[in-house]
Amino acid sequence: MTYDLLKKETFDKLGLEVFYYEHKKTKAKIIYVKTDDENKTFAIGFKTPPTDSKGKAHIMEHSVLNGSKKYRTKDPFMDMASSSLQTFLNAMTYPDKTVYPVSSENDKDFRNLVDVYLDAVFNPLVLEKKEILDQEGWHYEMEDGKIKGISGVVYNEMKGALSDPESLIYNDINSLLYKYSPYEHESGGNPDFIGDLSYDEFIDFYKDHYHPSNSHIYFYGNMEIEPLLKSLDEDYLSKYDYREIDTSIEVKENYYPKLVEGKYPTNKFKENEDYLSYAFLASSALDSKEYLTLSILVNTIFNMDSSKIRNEIIERLNPEYFYARPGYGNRSSVLIQAQKADGSKIDEFVEIIERGLAEASKNISIDSLKSAFSIFDFAQRENLNDVNRGLNYYLMTNFDGDPFSVFRIVDVLDELKALIGTSYYEDFIKKYFINNKTRLIHLARPDENYWQEKNQSFIDKIDKLNATTDEKSLAIIENDLERLNNYQNRENTPEEKATIPRLDLKDVPTKLKEIPREVHEDKFKIIYHDLETSGLIYANLYFNVNHLGLEELQYLQLINEFMGSIDTKNISYKEIDDVIWQYLTGLNFSLTNIRIKQDEIESYLKASLKTTRENIDKALDIIKDFLSNSIFDDQKRLIELLRIRKSVFESNMYDSGHLIAINRNNSHIDKLSYIKEAISGVSYYLFVKKIIKEAGEDFPSFKDKLSKVYGKILSKNLLVNLTGAKADLDFFRNSIETKLGFLDKTYEKKEINFEKKAIKEALASDANVNYVSKSADLKAFGAKYDGRFSLASAIISNPYLYELIRAKGGAYGAGMLVDRSGLFSSYSYRDPNIRESLDNYDKISTIARELVMDKRDFENQQISAMGTILRPKSPSQKADMDFLAYMKGNPKSEEEILAEIKNAKISDIRSFADIFEKALALNNICVFGNRGKIRENSDLFDKIIDLAD
């Protein structure tokens, strides 16, 4: 036997049997989780603690997936994405490890994916092709024989990732808190240093880390493990000898007795917009009990509305946003931050935190602990319903810790629950929150010149390079660029394509398991979905609000932000958190707009929750109280919540910039998109900014508008979507008809006026990169959606836009999609370009018209497109999908779309060329991104909105 079984353990509550093996020759560690889950997961990971911020681990993560000894195409990763039934396919770089996970329900597909990943990490072509580093990491750009700048996929990705103040400040704090350890460095790579990475250094990093003796391998699901272990040994592990690899991580104590000051970028300097931070090293993250305790206490002490520290900081410092979170590392840390507050009050900020911790260490609130604990408890229950359950277990595993600890979380939570009411939590606060040696007080001030100084420093660096680089070195750079260009423009040969494993199209099903549905119409219409949910009940209550106009809907969205976070007639908002999370979780109020027909939109206030049968009555009492008894008298609290919403949008917008651009673009040409953008997109963000000012200047008028809309949200037209066990649903149905039986109002529908008009628009921001979109409504050109449009989107996205905009243009991502309503959208993600990407979108019609693919490649794309529909769904996802189908009158089914994709021909895709050409000629454009780049290309736009104004 080539493996030793080190340990085996059964976890009955999870339905798992876990085996822990060690490969005899290399000492590679393998976890096998045996379970009846058909969504099988494989992963291989390596400890990759960084020694600098050049991004070696991150760039290597990208690079090894660009061809290997056995799979020799330019990008086997994307080839498999376009040819398999994978349910998850990705790779991730953490601050101390790099992981390559993949999942599939199909046995043959799973085995193929396992081998592609193994060959990628153990036999990558990057070891012999510098062009891969140049593409994925960085390369110099040349113009007229001189160095012009730097580009590369990871380089531009990290320019985008490190755009927002929160990320920049977090990195600054981490570099101090974890000084002299790997965690002080940016494992993803800092653009200031990525360009210093040499090819030799990069290859040495691979040789030092990508070895079986440093690997952690994982199999999960219903599979025959013996053949997989056999091929793992014979094809890969046996070819290596054991090697002692030191990837140990030591986190040292650091002392910062004085305030540390920093800065962050801003477009316009404003008073009292400093970031005040209090951070410290805490308990071990390798001990699951300690880590869960820390997480529960961070929520209890700082993040809940009942938190004394939180309320005092908000009352006295009035920050735009306050929060605390645990940090990543084998030694945990805690960061407590007041964003956009008066930095002169830093001593007051520190005093409030330290006094509050001292009080909590003597007498912590039992109710707050119970509520914070319940959030984790519900999350573990829900994980049993998650289709990515196997993946989640792997991603939660710490390579330095006990590999079985992740499966013991339920038992640890039971233990921690039993400790509520003892001195355990108070003692933990004393030991790790108060008596810590590494404590850091950090103050970051806004700096209008931040990016200008960065840009000037970069220009100076390039000028110095041009002044000091001799002709021979410039010739080498130009030669490298020529080789990169040849590499990117080279087509995969038929022989190389043949190395990529594939499924047969005939083996892909077009029949889906029917989702059970019952409709009950008594007092209210209630839709049942009798599905296994591990004892949870998922409930969505839809209150019809068609009688509200667009501005009223925006105010209703504000009300959704407020409910549960302001006083009601029965409870103070400071007490709400101590109550509700003990009875339900995932409570969320939102606006949902459903397209019944093209321009017939139904609008609903949606109350979503998860609970258990024993808590149904209490959960409904809480929701009824929020919907009927919320009080809008507290001006300071409402403005605080508005500022939080503004801050959250600003923090998230750079991670979802492509969606911002797509949705904004579509809002010009589609009524449903117009409404959604007004209540969740840039229009809503600008509305919130305006309302913050108005609520401060004329609060009575603001309150009056809120109250009028609030008084009209409840009507007898209630729809309920329930998911869970039938007996529990019957109980819920009886309870809801009792609790909400008072609803009796009816209203007339109010039409929302909308005029379609293509616009060339730019949204200027502090982003370092861009998100570029063109969109159109294909129905305007006589098209009607069918599955072939999804297939065309997949083909044009990958390989064509992927190669033009990502590989050659340096963007992190790019693609095209046509949704079920016929909306066509192209997009790029973290893109250094604007004009070039728009020009590349205009090539889409030509790509479609001149499309040439062999039968194998076309079938691979069909399989992949069908796979996106066939991916497993959680019980709540199934129920939501079926509910929408019911509301829309059972439109074209998933089975019909699968059949359309399966029966498609290349000529079908070519036939879309004229429609795509008309769509692109509409020139409906939205670019969200870098202010300077947008101004440089101002001739492209009819309208530029600066989000800083």
Side-chain angles (χ1 to χ4, degrees), residues 305-306 371 522-526 537-549 552-592 603-611 615-635 637-638 641-642 679 695 699-700 702-722 731-748 750:
D305 285 335
S306 57
S371 283
D522 293 318
K523 175 72 177 176
F524 309 115
K525 182 176 286 188
I526 301 179
I537 301 170
Y538 296 86
N540 294 319
L541 282 60
Y542 292 85
F543 298 89
N544 191 292
V545 290
N546 282 335
H547 50 283
L548 300 180
E552 289 176 309
L553 289 176
Q554 289 182 311
Y555 275 95
L556 177 53
Q557 188 71 311
L558 294 180
I559 291 167
N560 289 333
E561 310 275 0
F562 297 154
M563 284 191 294
S565 297
I566 57 174
D567 294 348
T568 74
K569 293 176 183 177
N570 299 310
I571 189 169
S572 160
Y573 80 85
K574 294 178 182 179
E575 301 169 337
I576 285 173
D577 280 353
D578 288 351
V579 175
I580 65 172
W581 304 122
Q582 296 183 46
Y583 302 104
L584 70 164
T585 189
L587 179 59
N588 181 51
F589 295 95
S590 61
L591 273 172
T592 295
S603 296
Y604 297 91
L605 186 161
K606 178 183 174 184
S608 304
L609 68 134
K610 297 183 284 284
T611 189
N615 292 321
I616 288 172
D617 283 346
K618 189 66 178 176
L620 288 173
D621 282 338
I622 290 168
I623 289 175
K624 179 181 175 182
D625 192 36
F626 292 164
L627 289 169
S628 303
N629 299 315
S630 291
I631 299 171
F632 304 97
D633 289 343
D634 189 339
Q635 179 183 15
R637 176 62 172 168
L638 294 183
L641 293 171
L642 288 169
I679 59 177
F699 183 72
F702 172 62
K703 178 189 169 184
D704 182 60
K705 291 176 182 176
L706 278 179
S707 300
K708 284 179 179 177
V709 174
Y710 182 71
K712 294 194 288 185
I713 61 177
L714 296 180
S715 73
K716 66 186 296 183
N717 295 326
L718 172 64
L719 290 168
V720 184
N721 183 27
L722 293 179
F731 192 87
F732 201 116
R733 174 186 170 196
N734 292 331
S735 183
I736 202 167
E737 293 193 343
T738 300
K739 299 287 183 182
L740 298 179
F742 69 93
L743 297 177
D744 58 3
K745 292 182 181 177
T746 57
Y747 298 93
E748 287 188 14
K750 183 180 290 186

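- In this view, Phe543 satisfies the ring-ring contact (aromatic ring centres under 6.0 Å, His included) rule with no residue, not counting sequence neighbours.
- Partners of Tyr604 by ring-ring contact (aromatic ring centres under 6.0 Å, His included), not counting sequence neighbours, listed by chain and number: Tyr542.
- Salt bridge status for Asp567 with Arg637: absent, with no side-chain N to carboxylate O gap under 4.0 Å.
- Counting heavy atoms of neighbouring residues, nucleotides and ligands inside a 6.0 Å radius, atom NZ of Lys716 does not exceed 12 of them.
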- Could you please spell out the steps behind the side chain to side chain contact (heavy atoms under 4.5 Å, CB included) verdict for Leu541 and Phe524? CA-CA 10 Å; Leu541 282 60; Phe524 309 115; over 6 Å; no
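- Applying the ring-ring contact (aromatic ring centres under 6.0 Å, His included) test to Phe632 and every residue at least two apart in sequence or in another chain returns Tyr710.
- Judged as a side chain to side chain donor-acceptor pair (under 3.5 Å), and not counting sequence neighbours, Asp634 has no contacts.
- Every residue two or more places apart in sequence or in another chain that forms a side chain to side chain donor-acceptor pair (under 3.5 Å) with Ser608 is listed here: Asn540.
- Residues satisfying the ring-ring contact (aromatic ring centres under 6.0 Å, His included) test with Phe742, not counting sequence neighbours, are none.
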- Item | side chain to side chain contact (heavy atoms under 4.5 Å, CB included) between Ile622 and Leu609, intermediate numbers included | CA-CA 11 Å; Ile622 290 168; Leu609 68 134; over 6 Å; no
- Show your reasoning for whether side chain to side chain contact (heavy atoms under 4.5 Å, CB included) applies to Val545 and Tyr747. CA-CA 9 Å; Val545 290; Tyr747 298 93; over 6 Å; no
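- No side-chain donor from either of Asp578 and Ser371 sits under 3.5 Å from a side-chain acceptor of the other.
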